[in-house]
Asker: 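First the structure, then my questions, so here it is.
In what follows, chains carry the letters A, B, and so on, assigned in the order in which the sequence lines appear, proteins first and then strands, with residues in each chain numbered from 1.
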Amino acid sequence: MAQTIQVTLPDGKVLEVPAESSSYDVAAKIGPGLAKAALAAEVDGELVDLHRPLPGDCAVRLITDRDPEALELLRHSAAHVLATAVREHRPEAEIGFGPPIEEGFYYDFGVDEPFTPEDLETFQETMEEVVESDYPFERQEVTKEEARELFHDDPLKLERLEEFASDEVITVYRDGPFLDLCKGPHLPSTGYLKNYKLLSAAGAYWRGDETRQMLQRIYGTAFFKEKELTKHLERLEEAKKRDHRVLGRELELFTVDQRVGSGLILWQPAGSIIRNEIEEYEKDLIERHGYEIVYTPHVMSEKLFEISGHLENFEENMFGAMEMEGGRYRAKPMNCPGHICIYQAHQRSYRELPIRYAEFGTVYRYERSGVLHGMLRVRGFTQDDAHVFCTEDQVPAEIEALLDLVEEMLTTFGYPYTVELATRPEKAMGDPRMWRKAESELRAVLEERGVAYTVDEGGGAFYGPKLDFKLIDAIGRRWQGPTVQLDFNLPERFEIEYIGDDNERHRPVMLHRVLIGSMERFVGGLIEHYAGAFPLWLAPEQVRILPISEQWVEEASGYVARLREAGIRARLEERESLSYRIREAELRKIPYMGVIGEREAREGTVAVRRRGAGKKQEVFDRSAFLDRLKEEIGSRSLD
RNA sequence: GCUGGAGUAGCUCAGUUCGGUAGAGCAAUCGCCUCGUAAGCGAUAGGUCAGGGGUUCGAGUCCCCUCUCCAGCUCCA
C-alpha cells in the first residue's frame, strides 16, 4: 500500500498527502484560511464529510460557505440539531425525516401532543445549547442488523431501514446524545450552526401519504450569515404585507361570499378593471399572433368528457353530473373538448393549418376544501386558453412562436422567468412512444433556441408533456406561469383530421397553451407582485383630482371630465381636509394625485403628486399632464 | 379530505382568568369646519358574540355537534 496519495484539485494542481489523510488535511495543506472555511468536500464527485479519510488517489473540491451545496449541508445539520433539542424535551418522540428544503429545513416527529408555539421557543433555546456544546457529527457505517438494534425504539426509522438492500452501506450520524439514520454528509460539528430560526409547526403525513400516521413537522431556516437570516425573515414579513387576500379586501378588488361558495371568486369593479385590461391587452396580442377568439358553453354533455378521457382521468377533479331529460351534463373542467368540436364543425384542409383558437374560458374543478387559498387556489377560474391544431411539421415553428408570445407577455408585467420541461406522469394516456416523441420535440426547440431549462420528471398532464414557465415576482418567489402542452392523445380520441396535399386524411397535432394561466391566480399573483400598487395602465383608479377647498370644486371637476373624456380613469374627491384625502389616496395606491387650488386655477395647471413620492410634487400644464398619462398608459410602463 | 389553530360591529382588536346579559379605534351616516400635500371637530347608527344543541336562575365565556377561515400535509391553473 502506498504511503502517500495523489489529490487532484479543481484547478488541476496535484497535491501529495499521506494515505488516510482527510479533505481537511488537504485544506490545511493549502492554507489555514481554507482549513477554517472548509465545511465538507466533494471527492470524485461525491459530497463527503470533511474529516472522512480519502479513499486513495482522487479529485478533491473543498466546499466552503460560498458553494451552493453548502447551504443544504448547513440546513441538513440544522435539522439534526433540531431533532437533538426535541429529543431532549420529548425523549419519546419518534423521529421521521429531516431534510433541507429550498428555504430552510424541517424535521418530522411522531408525538402524542402536538407542538405549541411555546415549544418552538423552548426548542430554539435548547438548540442554542446543542450548538454551544459543539458536538462533532460522527459518521459510522453499520450493518442492517446493527442499525435495527440502534433504532429499536424508532418505528419510523425501522420502516425506512427495511427498504435498504442487504448489501447497501448504511450510515448513522451522531451529534452528542442524538443518533440518526442518515446518509450525510454533515458539517464537522454542531458549532458551525450559527444563524437559524424555527418558524412553524404543523401536521404532515408520514411519507406524504394521507393514509398513514400524521406526524408533527417543525419548519426552520438557517443561513451562514446573520444578515442573510435577517433578510430572509424580513422577506417573510414583506410577503405577509403583500398578501393578496388582505390587499384584495382593502383595495376592493375581489371578494368571496359563503352564499356563493368556497373557492368561487366575486370580482369587484376595481378588480374587474384590472382583469379587463389584461384581457384586452392579451386579445390584442394574440390576434396579432394569428389566434381566433371563440366561445364555448360552461356546461356540456358528459358524453363529451367520455370521449376526451376526462371522465376516466380527471373525474375526481370534476364537479358532479347534472341530470336533465335523461342526459348527464358536467361543468367543464377544461376548454379543449369544446375547441375540438369547433375544429370538427367542418372538414379541414392542410391549407387552413395551423388553426389557433383562443378563449377566456371559465372552468370548474373540484378542489379539496383544505387547499383553497384566496384567488390562488379556487374552484372556478377563467383560463386564457388556446389550442393550436397543426401538422407535425409545424410543431417546432408553433412552439417557437409561443416562446415569443410568452417573452413579450411576461416582460410587459415585469416578471423574469425560468422554464421547466415536465415529462410523462404515472397516470398517463396514450402510447409511451408518442410521449417520448413529444418530449424530444419540446426539448429540441428549447435547445435550438438556447433557452435554459430544467426537467420536472413525471410532471406532465395526463394527455401530454408540457413546458412550464415559472414567474419570479418582486420578492423572489416563484409562481406558475404560462404552460405549453403538446398533445398527441386528444386528436386520436376525437379522431381529428385534416385533408393533406396528397388528398389523404391526416391527424393534426394539438398544442394546449395558456399565458396567464388562470385570471384569478394571475391577478392574485399580480397583487402581491406589485404590492397592490398597480402600474398606471392596470390601476383601477388612475388619477384622483383634489380641489383644495369647495371653492375649486367646479374647476377641478372640469378637469376630471376632460381626463375621463380622454379615457383616463379619474375621479374627484372633495370631502374632508386635503391631508385626509392625500392619505386616503396613498393608502389606495392611486398612481397620481392632482391638486387644484387658487394658484393652479389661475395658471391652468395641476399640482401632481406621484404615489409614494411624498412631497416631491410637480406642477404641470393640464394638457401636458394629460398627454403624459396617455403616453404612460399606452406604453404600459411599469414605473 | 387530514392535523393543529381561530371565528366578537364593514375592518383591526378588547372583553373569556372568576358565567351576571358587549366595548374601543378606524370606516359609515349626519352636522360643524372651507382647509396647500399621509388622519380637523362633534354627534348618530351599527352586534341572534359563526350556526345549532346542551349545562345553568343566568352563557360571548363551560360542554357537544356543524360550518367557515388560517398554517401545514396531499393535490394543482
Asker: Mind checking the C1' distance from rG52(B) to rG7(B)? Whole angstroms is fine.
Answerer: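 My reading of the C1' atoms in rG52(B) and rG7(B) gives 16 Å.
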Asker: Considering only the C1' atoms, how many Å lie between rU66(B) and rG25(B), rounded to the nearest integer?
Answerer: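 Each nucleotide's C1' atom is 34 Å from the other's.
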Asker: Using distance alone, with no hydrogens and no angle criterion, decide if E359(A) and T296(A) have a side-chain donor and acceptor under 3.5 Å apart.
Answerer: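 Their side chains do contain a donor-acceptor pair, which is all the 3.5 Å distance test asks for.
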Asker: rG1(B) phosphate, OP1 or OP2: any side-chain N/O from S369(A) under 4.0 angstrom?
Answerer: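 Yes, S369(A) has a side-chain N/O under 4.0 Å of OP1/OP2 on rG1(B).
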Asker: What nucleic acid atoms does L546(A) come within less than 4.0 Å of, heavy atoms only: base, sugar-phosphate, or nothing?
Answerer: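 Result for L546(A) = nothing.
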Asker: Taking atom P in both rU21(B) and rU44(B), compute the distance separating them and give it to the nearest angstrom.
Answerer: 22 Å
Asker: A cation-pi test, strictly: NZ or CZ of R521(A) under 6.0 Å from the centre of the six-membered ring of W479(A) and no more than 45 degrees from its axis. Yes or no?
Answerer: no
Asker: Taking it one step at a time, do Y219(A) and Y106(A) satisfy ring pair (Phe, Tyr, Trp, His ring centres under 6.0 Å)?
Answerer: CA-CA 4 Å; Y219(A) 283 96; Y106(A) 67 78; 5.7 Å; yes
Asker: Work out how far the C1' atom of rC62(B) is from that of rC18(B), and round it to whole angstrom.
Answerer: 12 Å
Asker: For Q213(A) and rC2(B), what is the distance between atoms CD and P respectively, to the nearest whole Å?
Answerer: 17 Å
Asker: Any base atoms under 4.0 Å from Q258(A), or only sugar-phosphate, or nothing? Heavy atoms, all strands.
Answerer: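 Sugar-phosphate contact only - Q258(A) comes under 4.0 Å of backbone atoms but never of a base.
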Asker: S262(A) side chain N/O closer than 4.0 Å to the phosphate oxygens (OP1, OP2) of rC69(B)?
Answerer: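 Result: yes.
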Asker: Examine rA38(B): is either OP1 or OP2 under 4.0 Å from a nitrogen or oxygen in the side chain of R609(A)? Give yes or no.
Answerer: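 Answer is yes, contact under 4.0 Å.
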Asker: Where the side chain of V595(A) is defined as all heavy atoms beyond and including C-beta, which of rG36(B), rG40(B), rG1(B) is the nearest nucleotide?
Answerer: rG36(B)
Asker: Tell me the interatomic distance from Q268(A), atom CD, to rC11(B), atom P, rounded to whole angstroms.
Answerer: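 Interatomic distance, CD of Q268(A) to P of rC11(B): 12 Å.
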Asker: Answer with base, sugar-phosphate or nothing: what part of the nucleic acid does R599(A) contact at a heavy-atom distance below 4.0 Å?
Answerer: base
Asker: From CZ of R575(A) over to P of rG40(B), roughly how many Å is that when rounded to an integer?
Answerer: 11 Å
Asker: Along nucleotides 71-77 of chain B, 5' to 3', which nucleotides get a B, which get an S, and which get a -, given that the test is a protein heavy-atom distance under 4.0 Å?
Answerer: SBBBBBB
Asker: Y580(A) side chain N/O closer than 4.0 Å to the phosphate oxygens (OP1, OP2) of rC26(B)?
Answerer: no
Asker: Counting only Watson-Crick pairs (N1-N3 plus N6-O4 or O6-N4) and G-U wobbles (N1-O2, O6-N3), all under 3.5 Å, who is the partner of rC2(B)?
Answerer: rG72(B)
Asker: Quick one: are Y592(A) and L536(A) in side-chain contact, heavy atoms under 4.5 Å?
Answerer: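 A side-chain contact exists here, since the closest heavy-atom pair is under 4.5 Å.
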Asker: Need one value for E250(A): base, sugar-phosphate or nothing, where a base atom within 4.0 Å counts as base even if backbone is also close, heavy atoms only.
Answerer: nothing
Asker: On RNA chain B, compare the nucleotides closest to S549(A) and S579(A); which residue's is nearer the 5' end?
Answerer: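 By nearest-heavy-atom nucleotide position, the 5'-most residue is S549(A).
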Asker: Phosphate oxygens OP1/OP2 of rG40(B): is one of them under 4.0 Å from a side-chain N or O of S577(A)?
Answerer: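 Affirmative; the distance criterion is met.
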Asker: Would you mind reading off the distance between R583(A) atom CZ and rC35(B) atom C1', rounded to a whole angstrom?
Answerer: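 Nearest whole value for this atom pair: 18 Å.
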Asker: Tell which nucleotide pairs with rG23(B), taking only Watson-Crick or G-U wobble pairs whose two distances are both under 3.5 angstrom.
Answerer: rC13(B)
Asker: So which nucleotide does rU55(B) pair with, by the Watson-Crick or G-U wobble rule with both distances under 3.5 Å?
Answerer: none
Asker: Any non-hydrogen side-chain atom of H298(A) less than 4.5 Å from a side-chain atom of Y364(A)?
Answerer: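 Counting from C-beta outward, H298(A) and Y364(A) do come under 4.5 Å.
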Asker: Check whether any side-chain N or O of D468(A) sits under 3.5 Å from a backbone N or O of T483(A) as a donor-acceptor pair, and report yes or no.
Answerer: no
Asker: For nucleotides rU55(B) and rC64(B), find the distance between their C1' atoms and express it as a whole number of Å.
Answerer: 11 Å
Asker: Report the distance from atom CZ of R611(A) to atom C1' of rU37(B), rounded to the nearest whole Å.
Answerer: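 Rounded to the whole Å, the gap is 17 Å.
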Asker: Quantified in whole Å, what is the C1' atom distance between nucleotide rU29(B) and nucleotide rG5(B)?
Answerer: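 Result for the C1' pair: 37 Å, nearest Å.
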Asker: Paired with rG46(B) by Watson-Crick or G-U wobble geometry, both distances under 3.5 Å: which nucleotide is it?
Answerer: none
Asker: Whom does rC32(B) pair with, Watson-Crick or G-U wobble, provided both distances fall under 3.5 Å?
Answerer: rG40(B)
Asker: May I ask you to check whether H76(A) and F105(A) place their ring centres under 6.0 Å from each other?
Answerer: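 Judged by ring-centre distance (under 6.0 Å), F105(A) and H76(A) do not meet the cut-off.
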Asker: Within the 4.0 Å heavy-atom criterion, would you say T116(A) contacts the bases, only the backbone, or no part of the nucleic acid?
Answerer: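 Answer is nothing: T116(A) stays at 4.0 Å or more from every strand.
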Asker: Measure the distance from CG on L264(A) to P on rU68(B) and round it to the nearest whole Å.
Answerer: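 One finds 12 Å between P of rU68(B) and CG of L264(A), rounded.
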Asker: So what does A607(A) hit on the nucleic acid, given a heavy-atom distance under 4.0 Å: a base, only sugar-phosphate, or nothing?
Answerer: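 If one applies the 4.0 Å heavy-atom cut-off, A607(A) turns out to touch a base.
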Asker: For a quick check of understanding: with a heavy-atom distance under 4.0 Å over all strands, which category does Q551(A) fall into, base, sugar-phosphate or nothing?
Answerer: nothing
Asker: Under 4.0 Å between a side-chain nitrogen and a carboxylate oxygen: does that hold for R609(A) and E586(A)?
Answerer: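 So R609(A) pairs with E586(A) through a salt bridge.
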Asker: For D108(A) and rG4(B), what is the distance between atoms CG and C1' respectively, to the nearest whole Å?
Answerer: 14 Å
Asker: Checking Y107(A) against D180(A): is there a side-chain donor and acceptor pair closer than 3.5 Å?
Answerer: yes
Asker: I'd like the C1' distance from rA6(B) over to rU12(B), given in whole Å.
Answerer: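 Going atom to atom, C1' in each nucleotide, I get 15 Å.
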Asker: Can you check the distance between rC65(B) and rU16(B), where both ends of the measurement are the P atom (answer in whole Å)?
Answerer: 25 Å
Asker: May I ask you to decide whether R544(A) forms a salt bridge with E541(A), counting only side-chain N to carboxylate O separations under 4.0 Å?
Answerer: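 A salt bridge links R544(A) with E541(A).
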Asker: Using atom CG of L587(A) as one end and atom P of rA39(B) as the other, report the distance to the nearest whole Å.
Answerer: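 Atom-to-atom, L587(A) to rA39(B), this comes out as 10 Å.
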Asker: What is the pairing partner of rC67(B), taking Watson-Crick or G-U wobble pairs with both distances under 3.5 Å in any strand?
Answerer: rG7(B)
Asker: Checking contacts here: which listed nucleotide (rU68(B), rA38(B), rG36(B)) is nearest the side-chain heavy atoms of E598(A)?
Answerer: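 The answer is rG36(B), which lies nearest to the side chain.
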